Amino acid sequence: MQDTIQAIYTKFSIMNIKQNISISKNGFLFDAETGDSYSVNKTAAEILNLMKEGKNESEIKNAIVSKFEVDELVFERNYYEFTNLLKHMNIMY
Amino acid sequence: MSNKKQITIAITGLNNVDNPGPGVPVIRGIRESKEIDARIIGLAYENLEPGIYMEGLVDKTYQIPYPSAGKEAVWERIMEIHAREHLNVIFPNFDAELYTFMLMENDLKEKGINMFIPTMQQFEERHKANLDKFGEKYDIKVPKSVALGSLNDISKIRNEFEFPVLVKGKYYDAFIAYNTEQIINHYNKISAKWGLPVIIQEFIKGTEVNVVALGDGNGNTVGAVPMRKQYITDKGKAWGGIVINNEKLLKITRDMIAKTHWRGGLEMEIILTSDNQYYLIEINPRLPAWVYLAVGAGQNLPEAMVKLAMGQEVAPYENYTAGTMFIRYSWDLIGSITDFEKLSLYGEL
């Protein structure tokens, strides 16, 4: 039962980046479906690449918190803001 | 010894100006062909079309009369040129001249000159004035359009549209109008330049995306590349653009070509709205001035079109590179008055 709940949580906490999105090492994001392009900072690029790899929210949090000087609460607040922006810009669904 | 096939191709649209014709990019594509060794004959309407003077572009240029001079005048001039150059292919690049070339197509064929252009029916039914019917017939979403034959018709459409609307010429030009006075202004300007009808079209808000494509005349798409304009001039022309990978756009294009059995090059102009609806606003019955972007992205459509005109089989292009960009630029060519003199006096250079 616990495994099933964990599987459901994992499924829904994976942030799906649109397939046509490519992210360069320098943080340049290109949406090949619409032709839109954006510049993001290093942290955002890292988060986006983790999302593209299919990592869920908690895996992304662990990766970022262990790499950068940020506590979990601050990360979560910024993370939600960032993902809302990505949805608004049709980069993520 | 080169294995390339030697072909003499006459090409119009050398006016690479701020509202450019497609001749120069078409020639660049053909010049890059690994299979065609082309002798390029430029056909110019005006003696200051930049393509005439560009180094290494055309091998020879002849001035030809405007289509408004009549089919006979154009035919005679083409036959004079053919007697000297032995043309294999004519590659027309303007909407306004296509009608004349369509009328001459069979006669040209008899003289050994091939073209790969739309049929009269295809040309007529995709006219801006007929877009409503076209959308209905081929199940494509189009904005509401009405053709105005006289200024009196404006009062009749008052309740049919919400402002703003687009006021369009039958071949070129489009302006936004926010009230009736502006419609009248644009109507007068456009009808004086391009004749009637003038088309009133519902204004669809969204992002403009275009597709350049080539149909083989049997319902197959030989190639198709979608592009989003990144930088637009005050004439609405793309000054920069990027190749995108949009399956829906490609499907709309392939379906249209399959249903109409489109023969030749075309450009689909489509508006993508914020709620993901695709509205076809125009079909141009020829390759567009940005066709070299398709060549850069991996689909040499001008080359494919020449091969089709010569009756060769052409395998359809399956792929292209999304993210390929173009940026147009202006460049001052230095010429000599003697070249200008030759063209002005003798109609050839």
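Everything quoted here is computed from the prediction, not taken from an experiment. Heavy atoms only: backbone and side chains are in, while hydrogens, waters and symmetry mates are out. Residue numbers begin at 1 in each chain, while the letters A, B, ... track the order of the sequences.
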By the salt bridge (charged side-chain N to carboxylate O under 4.0 Å, His left out) test, which pairs, at least two apart or in different chains, include something from residues 256-271 of chain B? B:Glu105-B:Arg263
Tell me the closest heavy-atom pair linking A:Thr34 and B:Arg228, and the distance in Å. O-CD, 2.7 Å
Looking at B:Ile242 and A:Phe30, what are the two nearest heavy atoms and their distance? CD1-CE1, 3.4 Å
So do the side chains of A:Glu33 and B:Asn245 get within less than 4.5 Å of each other, counting heavy atoms only? no
So with a 6.0 Å cut-off around CD of A:Glu53, is the heavy-atom count from everything else above 12? yes
Would you indicate whether A:Phe28, at its atom CZ, is surrounded by more than 12 heavy atoms from other residues, nucleotides or ligands within a distance under 6.0 Å? yes
For atom OH of B:Tyr178, decide whether the heavy atoms of other residues, nucleotides or ligands shown that lie under 6.0 angstrom number more than 12. no
Could you state the interatomic distance from CG (B:Asn276) to CG (A:Asn90), rounded to the nearest 0.5 Å? 7.0 Å
Taking atom OG1 of B:Thr207 and atom CG of A:Asp36, what is their separation to the nearest 0.5 Å? 7.0 Å
By residue number, those in residues 62-74 of chain A with heavy atoms under 4.5 Å from heavy atoms of chain B are none
